[in-house]
There are 2 protein chains.
Amino acid sequence: MNEDTNPHISIDCVIFGFDFEKLNVLLLERRLEHEDPSIAFCDQSLVGQHIKLKESLDDAAARILFETTGLTNIYLEQFYAFGAPDRLNKERAKIWLKSIGRDPAVQVITIGYFSLVNTNTVQVSYNPRHASWCDVKKVENLAFDHDQILKKGLEALRLKIKSEPIAFELLPQKFTLSQLQKLYEVVLDINIDKRNFRKKALQSDYIVALSEKQKDVLHKPAQLFMFSREIYKATKKEDFSFNFK
Amino acid sequence: MNEDTNPHISIDCVIFGFDFEKLNVLLLERRLEHEDPSIAFCDQSLVGQHIKLKESLDDAAARILFETTGLTNIYLEQFYAFGAPDRLNKERAKIWLKSIGRDPAVQVITIGYFSLVNTNTVQVSYNPRHASWCDVKKVENLAFDHDQILKKGLEALRLKIKSEPIAFELLPQKFTLSQLQKLYEVVLDINIDKRNFRKKALQSDYIVALSEKQKDVLHKPAQLFMFSREIYKATKKEDFSFNFK
DNA sequence: CTGATAAGGTGTCATAATAACACTAATATT
DNA sequence: AATATTAGTGTTATTATGACACCTTATCAG
């Protein structure tokens with residue numbers, strides 16, 4: 001571990017991405033090579049690192065996100081701190097920590113952040129450790145306590161997306177209403193009536209219709225829209241809401 | 001600092017109390033005696049301590065709450081982690097930390113918890129440091145970064161009280177509808193129409209009318225009610241809500 | 001060029017939730 | 001007996017929600 005690293009505090013980022021079909025999370029491969037094949041293993045973890053000395057939590061989260069994806073100016077939000085003394089005590093975790101020169105007996109508190117990106121904008125190959133997008137509904141058996149962190153991060157995203165206009169962080173700048181609807185459907189794991197959804201979306205002033213249509217699509221092209229943060233700020237009456245049954 | 005204390009991680013508890021008139025927060029006096037009166041000072045802080053080695057965050061928060069108030073089985077909820085490297089760098093903070101034998105240069109991450117109690121149930125004299133209830137609307141100039149922690153804790157309480165039945169944690173077991181309404185009003189800093197409030201409260205099954213009335217009150221005595229967690233759990237359709245304009 | 005495929009786009013109505021609003025009732029105190 | 005203080009109560013207009021089905025516009029295959 002580096003000289004200027006704080007060994008007691010880490011950040012784990014739940015990086016959510018939307019590919020117009022499902023909600024994904026960016027996972028890193030954790031591969032332990034060993035001559036004894038009963039010890040070697042390969043599984044996956046969230047994106048995480050220790051913070052540096054004198055580094056704020058937000059700065060650390062942004063740095064880690066940048067070092068993993070090459071992205072800056074990304075939506076990032078802290079959602080929970082995990083500090084169970086046994087959170088690094090799984091057998092594999094101990095083997096792994098020793099293999100990278102860390103003492104498994106040191107209690108590490110990790111702060112969970114979630115971040116939102118459009119899947120297409122991320123160069124998965126950016127990171128030296130193999131990174132890949134995985135359907136959040138299918139993820140399991142992550143390293144350490146990362147299953148629990150992912151679960152809590154997803155709950156935080158669901159709560160937040162119902163009360164603030166963060167859905168647009170997961171979409172490209174120009175999007176169709178069907179894409180926006182699909183996004184709410186996969187994030188909240190619900191079905192939404194198309195006509196009711198469009199009615200509600202269109203009566204907001206901050207989802208602005210462009211005089212432009214989808215291209216290169218094998219059916220009737222849809223109208224494109226943009227989210228205007230300026231209009232949102234200027235018109236919000238204190239309550240954003242996107243509740244559908 | 002104790003041998004078994006983790007010097008890197010602390011907990012700060014925003015202990016909210018309701019006295020039927022306003023929302024209070026429990027603060028501890030921070031008094032530094034010094035022969036030079038320009039150095040001596042006395043101000044206030046939230047309730048906080050470092051965690052112990054091998055102690056979980058939730059356990060630490062419950063322990064600190066108990067050690068300060070003598071209370072157990074109290075509603076406690078983690079809301080945010082604070083880790084700015086300069087969060088203990090106010091001049092007074094440095095003097096204070098040195099006076100109690102701690103190194104102000106060590107970065108301490110603190111995890112914020114809020115807890116809810118009925119003001120009357122707390123023996124303020126329990127703690128050796130002078131503790132007192134203060135109107136949250138009037139609190140300012142707290143020690144360290146505690147103003148910021150209180151602000152964030154209050155936001156968390158406001159968010160939570162609108163979507164989960166935690167208001168009852170701030171009331172005695174038997175309460176009147178006017179008390180419940182007043183609680184929502186002071187927590188959310190809004191006015192609520194009495195008839196609309198009562199209509200909504202009474203159409204829930206889990207606020208149960210008792211065949212008992214207020215006593216020792218100098219006006220028409222009000223009917224008493226209880227919150228039934230069993231009925232709440234059995235009947236909730238996934239959405240608790242208390243939204244009033 | 002025609003038919004198949006695939007998603008885009010549109011309106012009405014019934015029900016439920018919200019918000020505005022003012023007077024009488026019951027108790028304790030003087 | 002009068003006063004002070006809070007408890008308690010219904011109606012109506014407006015708005016939001018939820019259920020529901022068909023035609024349109026483009027590409028592609030033959």
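In what follows, chains are A, B, ... by sequence order, proteins preceding strands, each numbered from 1. These numbers come from the heavy atoms of this one structure, side chains and all, not from hydrogens, waters or symmetry mates.
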Rounded to the nearest angstrom, tell me the gap between atom [atom1] in [X] and atom [atom2] in [N].
X         : N       : atom1 : atom2 : value
Asn191(A) : dG18(D) : CG    : P     : 13 Å
Lys182(B) : dA7(D)  : NZ    : P     : 11 Å
Leu180(A) : dG8(C)  : CG    : P     : 12 Å
Gln181(A) : dG9(C)  : CD    : C1'   : 12 Å
Asn196(A) : dA16(C) : CG    : C1'   : 14 Å
Gln203(B) : dA16(C) : CD    : P     : 12 Å
Asp193(A) : dA21(D) : CG    : P     : 10 Å
Phe20(A)  : dA6(C)  : CZ    : P     : 20 Å

Side chain of Lys200(B), heavy atoms from C-beta onward: which of dT10(C), dG11(C), dT18(C) has the nearest atom to it? dT18(C)
For Glu155(A), is the CD atom crowded, meaning more than 12 foreign heavy atoms sit under 6.0 Å from it? yes
Side-chain donor/acceptor pairs under 3.5 Å, residues 217-231 of chain B, sequence neighbours excluded:
residue: Gln223(B); atom: NE2; partner: Leu210(B); partner atom: O; Å: 2.9
residue: Ser228(B); atom: OG; partner: Ile231(B); partner atom: N; Å: 3.0

Does a side-chain N or O from Lys194(A) land closer than 4.0 Å to OP1 or OP2 of dT10(C), or not? no
Distance test, side-chain N/O of Ser178(B) to OP1/OP2 of dA7(D), below 4.0 Å: yes
Go through Asn141(A) and Asp147(A) one step at a time and tell me if the side chain to side chain donor-acceptor pair (under 3.5 Å) criterion holds. CA-CA 7 Å; Asn141(A) 294 321; Asp147(A) 283 326; over 6 Å; no
Going by atom types alone, do Arg63(B) and Gln49(B) pair a side-chain donor with an acceptor below 3.5 Å? yes
Proximity of Tyr80(A) and Tyr80(B) rings by center, below 6.0 Å: no
Would a line drawn from the ring center of Phe20(B) to the ring center of Phe18(B) be shorter than 6.0 Å? yes
Test: Arg30(A) cationic atom under 6.0 Å from Phe144(A) six-membered ring centre, within 45° of axis: yes
Any residue of residues 215-225 of chain A with a heavy atom less than 4.0 Å from an atom of DNA chain D: Val217(A), Leu218(A), His219(A), Lys220(A), Pro221(A)
Can a donor-acceptor pair under 3.5 Å be found between the side-chain atoms of Lys199(A) and the base atoms of dT17(D)? no
Take Thr176(B) and Arg195(B), find for each the nucleotide of DNA chain D with the closest heavy atom, and name the residue whose nucleotide sits nearer the 5' end. Thr176(B)
